[in-house]
Amino acid sequence: MQVAVVTFDGFNELDSFIASALINRCRKDGLEAFITTPTRVVTSMNGVEVTGQRPLEFVTEADVVLVGSGVKARQVIADDSLVSRLALDPARQLIGAQCSGALVLARLGLLEAVPACTDVKSRPFVEAQGVTVLDAPFHAEGNIATAGGCLASQYLATWVITRALGDDAARGVLDYVAPVGENQETVERALRAVRAGEAALR
């Protein structure tokens, strides 16, 4: 399975890099993430320049699409030509968004009947799109998921790994990256957040 980590100019490094790094620990099992950008090079909110691994059109062939956040999210959704390149299909793809990435999903009409998670600063703008925002770090319904708060990107990655490879694969990844001495706590917290987010509105 291929994962497109959509990364726009002005992106938040924590969102794109944490998700891609965790997912790429599953390469040997056939799950691989790629930083996917609208231009060859994008610059983060802190001035870090990154060369995209895949062009934005890669989202049409990816099995999973994760939309990261950034300080230019509102500019992104106002750019019709840019939005038109995001041809996503929730019937066959897992689609997730981190923080202000929820604005992109809302712009694409993917959150019309789905509540979302986002960060505190993005919340009023997401709500202005007619989306119900939850006071939670993660929520998923079917093939659509959102996470709120930079460090909740680990929950988005956990969701992808569990959906693709199962809980044991996610446990292995989380156990490896957890702070020393906090392995079990880290693993259980992430899995608990994902399970709670999937069960919230059942």
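The chain is numbered in sequence order, starting from 1.
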Query - Minimum side-chain heavy-atom gap K121-C99 below 4.5 Å - result: no
Requested in this report: Would you give the length of the straight line joining atom CG of L110 to atom CG of N143, rounded to the nearest 0.5 angstrom?
Outcome: 11.0 Å
Query raised in the report: Looking at residues at least two apart in the chain, or sitting in another chain, which of them share a side chain to side chain contact (heavy atoms under 4.5 Å, CB included) with A193?
Result: Y155
Requested in this report: Apply salt bridge (charged side-chain N to carboxylate O under 4.0 Å, His left out) to E112 and list each qualifying residue two or more places apart in sequence or on a separate chain.
Outcome: none
Query raised in the report: Sequence neighbours excluded, which residues qualify as salt bridge (charged side-chain N to carboxylate O under 4.0 Å, His left out) partners of D119?
Result: none
Requested in this report: Hey, could you give me each pair passing salt bridge (charged side-chain N to carboxylate O under 4.0 Å, His left out) that has a residue in residues 159-177? Not counting sequence neighbours.
Outcome: D167-R195, R171-E188
Query raised in the report: Quick check: are there more than 12 heavy atoms from other residues, nucleotides or ligands sitting under 6.0 Å from CD of E127?
Result: yes
Report task. Might you point out which heavy atoms bring T186 and Q154 nearest each other, and give the distance in Å? Result -> CG2-OE1, 4.4 Å
Query raised in the report: Which pairs pass salt bridge (charged side-chain N to carboxylate O under 4.0 Å, His left out) with one or both residues in residues 6-27, sequence neighbours excluded?
Result: D9-K72, R27-E32
Query raised in the report: Which value, rounded to the nearest 0.5 Å, describes the distance between H139 atom NE2 and T118 atom OG1?
Result: 13.5 Å
Report task. Just grab all the salt bridge (charged side-chain N to carboxylate O under 4.0 Å, His left out) pairs involving residues 40-54, residues at least two apart or on different chains. Result -> none
Report summary line: Taken to the nearest 0.5 Å, the spacing of L14 CG from M45 CE works out to 8.5 Å
Requested in this report: Please list, chain by chain and in numerical order, all residues satisfying salt bridge (charged side-chain N to carboxylate O under 4.0 Å, His left out) with R74, sequence neighbours excluded.
Outcome: none
Report summary line: Sorted by chain and number, sequence neighbours left out, side chain to side chain contact (heavy atoms under 4.5 Å, CB included) with V83 holds for R107, L108
Report task. Quick one: name the residues clustered hydrophobically with L174, using the 4.5 Å side-chain heavy-atom rule over I, L, V, M, F, W, Y, and just say none if it's on its own. Result -> V187, L191
Query raised in the report: Between atom CG of L22 and atom OG of S153, what is the distance when rounded to the nearest 0.5 Å?
Result: 7.0 Å
Query raised in the report: With Q2, which residues qualify under side chain to side chain contact (heavy atoms under 4.5 Å, CB included), at least two apart?
Result: F34, F58, E61, D63
**Report entry** Pairing residues for P38 by the side chain to side chain contact (heavy atoms under 4.5 Å, CB included) criterion, not counting sequence neighbours
**Finding:** F8, V42, L56, L82, R85
Report summary line: Rounding to 0.5 Å, atoms CD1 (I23) and OG1 (T158) come to a distance of 9.0 Å
Query raised in the report: How would you list, by chain and number, every residue that makes a ring-ring contact (aromatic ring centres under 6.0 Å, His included) with F11, sequence neighbours excluded?
Result: F17
